[in-house]
Colleague: 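Let me give you the structure first, and then I'll get to my questions.
For clarity, every value in this text was computed on a predicted model and none was experimentally measured.
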There are 2 protein chains.
Amino acid sequence: MLAKTMNHQILHTLENKNVRPTPMRMLVLEQFLQNRTARSLGELEAAMPRADRITIYRTLRTFEEKGILHAITDGSGATHYALCPDACEPEHHREFHPHFHCIRCGRTLCLDITTQPPASLPGGFQLLDMEVQLKGVCPECG
Amino acid sequence: MLAKTMNHQILHTLENKNVRPTPMRMLVLEQFLQNRTARSLGELEAAMPRADRITIYRTLRTFEEKGILHAITDGSGATHYALCPDACEPEHHREFHPHFHCIRCGRTLCLDITTQPPASLPGGFQLLDMEVQLKGVCPECG
DNA sequence: CCTCCATTTGCAATTGCATTGCATCCCCCC
DNA sequence: GGGGGGATGCAATGCAATTGCAAATGGAGG
């Protein structure tokens, strides 16, 4: 992907979600557009040595609020964030997308498939959101 | 449930899983048998003021290793543990059981239903385990 | 162009959960 | 009765998450 195209996509996404396109935000979003693995704050910090940890932290929160990223808690100890296949909306992530955590390389990947919530919940439960974590071995490690 | 019955069940479970039935372990297991909500270390500590935090922590780990409890990471910041409807086996939790996190009361409940992993994963992915988190409003809060 | 205000950023410090080390205690086995 | 392994309790540490505050930035209005 050409840099120019990438930049366009970044700006488009940020404006679309009502997030002011600051350099830091563009940098963080670029990280996520480069590939579809979920990143933790620590990983992002390592990938962008010049950026301040706390600023990245708040950028991630902002992105999550605005529906650009969503948080994944894959049991690795640190919250991971990932850009979703299709854009989610603020306050409500509409897609039921599974995340695959590879036990070998430790990466968490967004899968491009959708999963269905259980056909029938016990009485009285009102379902608003769902998160599916898959664990196993990814193609590159298998 | 009568106390005697409860005690029997506790002893039975512990021996069945090759866990020596110490007073502390019986106490912790009793907490989980009393109801089916998932508990964090902090919640257990509060429920058993005389018990040492670290000991509870290690008891939970032991229970998890031996297949009595399993860990749930529901995004609340603290790992929760829950007794499962049917016993899991050490090293491998065989049942794909969803957990329901109520956004009102904050409790995480084990649901007595099973969920199916996605019918088809993209090529090369090897599935070993699955965790399904449901979020919404529970019957008591609805 | 300058000023004011809101947002964003950077640094410091704190909180809270998870984890480990070590000494002690208890129980089973010899 | 003594030895050894598991269990417990206390202290201390590591790491992620979070907040407070001050400085920098950018846009709106005069």
Side-chain angles (χ1 to χ4, degrees), chain A residues 10-11 13-15 17-31 38-66 68-82 90 101 106-108, chain B residues 10-11 13-31 38-82 90 101 106-108:
Chain A
I10 292 172
L11 283 170
T13 302
L14 290 178
E15 283 165 15
K17 302 287 184 178
N18 282 314
V19 178
R20 249 171 45 192
T22 68
M24 171 65 59
R25 285 168 178 174
M26 294 179 68
L27 209 56
V28 171
L29 184 49
E30 186 184 26
Q31 292 291 321
R39 324 292 183 85
S40 68
L41 175 55
E43 288 163 357
L44 288 169
E45 193 187 6
M48 302 181 293
R50 305 184 48 179
D52 178 68
R53 176 184 187 82
I54 312 304
T55 305
I56 303 175
Y57 169 73
R58 280 189 274 228
T59 301
L60 293 174
R61 289 213 133 191
T62 303
F63 281 4
E64 195 195 359
E65 275 174 25
K66 298 307 179 80
I68 296 174
L69 297 179
H70 64 274
I72 307 168
T73 141
D74 62 3
S76 67
T79 303
H80 282 64
Y81 294 86
H101 181 72
R107 290 184 306 164
T108 295
Chain B
I10 292 172
L11 284 171
T13 301
L14 291 177
E15 283 165 14
N16 210 314
K17 302 286 185 180
N18 281 314
V19 178
R20 257 176 33 196
T22 69
M24 172 64 61
R25 285 169 177 173
M26 294 180 68
L27 209 57
V28 171
L29 184 50
E30 186 185 26
Q31 292 291 321
R39 325 291 184 84
S40 68
L41 175 54
E43 287 163 357
L44 288 169
E45 193 186 7
M48 302 181 292
R50 306 184 45 179
D52 178 69
R53 177 186 186 81
I54 312 302
T55 306
I56 302 174
Y57 169 73
R58 280 189 274 230
T59 301
L60 293 174
R61 290 213 131 191
T62 303
F63 282 4
E64 196 196 358
E65 275 174 24
K66 297 307 180 78
I68 296 174
L69 298 178
H70 65 272
I72 307 167
T73 141
D74 62 3
S76 68
T79 304
H80 281 65
Y81 293 86
H101 181 72
R107 290 184 306 165
T108 296

Colleague: Reading nucleotides 9-14 of chain C from the 5' end, what letters show protein touch, with B for base, S for backbone sugar-phosphate only, - for no heavy atom under 4.0 Å?
Modeller: BBBB--

Colleague: Could you tell me which residues satisfy side chain to side chain donor-acceptor pair (under 3.5 Å) with B:Ser40, sequence neighbours excluded, listed by chain and number?
Modeller: none

Colleague: What distance do A:Ile54 atom CD1 and A:Tyr57 atom OH have between them, rounded to the nearest 0.5 Å?
Modeller: 8.5 Å

Colleague: CG of B:Leu14 versus P of D:dA7: gap in Å, rounded?
Modeller: 11 Å

Colleague: Any chance you could list the contact pattern along nucleotides 25-30 of chain C? Use B for base contacts, S for sugar-phosphate-only contacts and - for none, protein heavy atoms under 4.0 Å, 5' to 3'.
Modeller: ------

Colleague: To the nearest angstrom, how far is B:Glu65 atom CD from D:dA7 atom C1'?
Modeller: 14 Å

Colleague: Starting from P on D:dG6, measure out to CG on B:Asn18 and report it in whole angstrom.
Modeller: 13 Å

Colleague: How long is the line joining CD of B:Glu45 and C1' of D:dC10, in whole Å?
Modeller: 13 Å

Colleague: B:Thr55: which residues meet the side chain to side chain donor-acceptor pair (under 3.5 Å) condition with it, sequence neighbours left out?
Modeller: B:Asp52

Colleague: Pick from B:Val19, B:Thr62, B:Thr59: which one makes a side chain to side chain contact (heavy atoms under 4.5 Å, CB included) with B:Ile68?
Modeller: B:Val19

Colleague: Check whether any side-chain N or O of B:Thr79 sits under 4.0 Å from OP1 or OP2 of C:dA18, and answer yes or no.
Modeller: yes

Colleague: What's the separation between atom NZ in B:Lys66 and atom CZ in B:Arg20, rounded to the nearest 0.5 Å?
Modeller: 10.5 Å

Colleague: A:Tyr81 and side chain to side chain contact (heavy atoms under 4.5 Å, CB included): which single residue from A:Glu43, A:Glu64, A:Gln31, A:Arg39 fits?
Modeller: A:Glu64

Colleague: Under the side chain to side chain contact (heavy atoms under 4.5 Å, CB included) test, which residues partner B:Ile10, sequence neighbours left out?
Modeller: B:Met6, B:Asn7, B:Leu14, B:Met26, B:Leu29, B:Glu30, B:Leu33

Colleague: Which residues satisfy the salt bridge (Lys or Arg N to Asp or Glu O under 4.0 Å) test with A:Glu45, sequence neighbours excluded?
Modeller: A:Arg53

Colleague: Who are the side chain to side chain donor-acceptor pair (under 3.5 Å) partners of A:Thr108, not counting sequence neighbours?
Modeller: A:Asp74, A:His101

Colleague: What is the separation between atom CZ on B:Arg53 and atom P on D:dA11, rounded to the nearest whole Å?
Modeller: 14 Å

Colleague: Whole angstrom is fine here: how far is it from OH in B:Tyr57 over to P in C:dG16?
Modeller: 19 Å

Colleague: Using the side chain to side chain donor-acceptor pair (under 3.5 Å) criterion, which residues pair with B:Thr73? Sequence neighbours excluded.
Modeller: A:Thr73

Colleague: Whole angstrom is fine here: how far is it from CZ in A:Phe63 over to P in C:dT8?
Modeller: 11 Å

Colleague: With axes from five pairs an end, tell me the bend angle of the helix from C:dC1-D:dG30 to C:dC30-D:dG1, nearest 10°.
Modeller: 10°

Colleague: Closer than 4.0 Å, any side-chain N/O of B:Arg61 to the OP1 or OP2 of C:dT19?
Modeller: yes

Colleague: Could you pull out all residues at least two apart from B:Arg25 that satisfy salt bridge (Lys or Arg N to Asp or Glu O under 4.0 Å)?
Modeller: none

